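A short worksheet on the structure shown next.
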Amino acid sequence: MKHLKEEKTLVVLKPDAVQRALVGEILSRFERTGFKIVGMKMAYASKELAGEHYADDEEWLISVGEKTKQSYAAKGIANDEEPKSIGQRIRQQLMDFISMSPTVAFVLEGNDVINKVRVMIGGTAPNSALPGTIRGDFGFDSYGLADAAGRPIQNLIHASDSVESAKREIAIWFKEDELHSYERVDEALNYRIA
Ligand code: UDP
Ligand code: MG
């Protein structure tokens with residue numbers, strides 16, 4: 001069995017984060033937390049890669065559509081469109097968005113990194129993401145604003161949400177020889193067993 005410190009997650013700084021010059025700011029939060037960068041690149045995603053990343057997966061399409069519907073319901077706005085068809089539309093928009101200009105992709109490694117990074121990035125919509133989170137601190141976009149503009153929510157960052165998705169997504173963005181193994185100076189302290 002792998003050591004707990006070997007858990008990995010994929011993070012992609014989307015085109016809005018790169019264009020707004022927030023790469024260093026965001027990356028440093030993860031470094032300071034103690035996570036190890038084991039792979040990193042600037043990548044101009046092709047449509048093909050974007051389509052693999054935002055896979056045509058029924059369950060995910062429905063969950064994405066449900067988010068939009070819930071945000072409208074919370075505002076008392078009627079919307080009778082099927083979640084799946086909303087999800088399909090957003091998937092197309094996401095594929096265009098993530099491939100519109102360069103991204104910075106990296107793989108982080110560390111104890112419970114998948115969950116912790118999700119906590120650090122905050123909720124999907126920046127207008128309601130908590131302060132202190134990346135989306136909460138650096139954005140204000142909302143479902144309504146994005147929908148009105150016919151684009152996906154600009155929320156700066158993608159992070160894998162489960163062990164399975166991390167494995168799948170890392171393989172899409174990185175070749176095996178682009179991932180590296182080395183020691184951080186604080187590793188002995190962080191992972192010492194009494
Ligand atoms: N998204 C959107 N509208 C929605 C749901 C999602 O524009 O109603 C976009 C948003 O950019 C989000 C991405 O689709 O980051 C992927 O959606 P997911 O539900 O996986 O959210 P995340 O895991 O990024 O928080
Ligand atoms: Mg997601």
Side-chain angles (χ1 to χ4, degrees), residues 8-20 22 26 29-30 45 47 49-75 77-108 112-173:
K8 291 181 183 58
T9 196
L10 176 80
V11 177
V12 180
L13 302 184
K14 298 181 186 180
D16 49 334
V18 177
Q19 289 188 25
R20 289 181 52 200
L22 290 170
I26 295 172
R29 291 188 177 208
F30 298 122
K47 277 277 152 57
L49 186 145
E52 274 185 71
H53 178 79
Y54 293 116
D56 196 1
D57 172 74
E58 173 141 15
E59 202 181 314
W60 180 76
L61 292 172
I62 292 171
S63 84
V64 166
E66 288 288 357
K67 285 187 180 177
T68 294
K69 284 187 83 84
Q70 277 162 18
S71 79
Y72 277 111
K75 289 210 150 101
I77 302 168
N79 177 333
D80 54 12
E81 197 180 351
E82 284 295 316
K84 188 175 169 186
S85 83
I86 300 175
Q88 280 165 332
R89 186 172 63 244
I90 291 173
R91 175 174 182 259
Q92 290 303 320
Q93 293 172 352
L94 280 168
M95 287 163 59
D96 289 340
F97 179 66
I98 205 152
S99 59
M100 93 184 172
S101 71
T103 64
V104 172
F106 46 94
V107 175
L108 295 175
D112 210 19
V113 67
I114 297 170
N115 177 58
K116 176 71 177 182
V117 167
R118 292 290 298 188
V119 174
M120 290 173 72
I121 72 174
T124 302
N127 68 320
S128 59
L130 292 177
T133 66
I134 291 162
R135 288 165 169 173
D137 284 352
F138 302 122
F140 55 72
D141 204 12
S142 67
Y143 292 101
L145 190 62
D147 249 16
R151 56 162 178 75
I153 290 185
Q154 288 175 184
N155 55 13
L156 304 157
I157 184 164
H158 165 86
S160 309
D161 63 6
S162 67
V163 173
E164 300 72 49
S165 65
K167 199 169 171 217
R168 189 183 78 80
E169 293 169 0
I170 290 169
I172 292 170
W173 290 81

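Just so we're clear, the structure is a prediction, and the values are computed from it rather than from any experiment. Every number for a ligand or one of its atoms is a count from 1 in the order of the listing.
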Review point. Would the number of heavy atoms belonging to other residues, nucleotides or ligands and lying under 6.0 Å from CD of E82 be above 12?
Key: no

Check your understanding: In this structure, are over 12 heavy atoms from other groups packed under 6.0 Å from K14 atom NZ?
Key -> yes

Review point. Heavy atoms, side chains only, cut-off 4.5 Å: are T103 and L13 in contact?
Key: no

Point to revise | Polar side-chain atom of D141 near backbone of Q154 as donor-acceptor pair, under 3.5 Å | key: yes

Check your understanding: Between the main-chain N or O of L61 and the side-chain N or O of R91, is there a donor-acceptor pair closer than 3.5 Å?
Key -> no

Study note, to complete from the structure: ring pair (Phe, Tyr, Trp, His ring centres under 6.0 Å) pairs touching residues 123-171, sequence neighbours excluded, are H53-H158

Exercise for review: Non-hydrogen atoms closer than 4.0 Å to ligand 1: which protein residues do they belong to? List them by chain and number, please.
Suggested key: K14, W60, V64, K67, T68, I90, L94, R118, T124, R135, Y143, P152, I153, N155

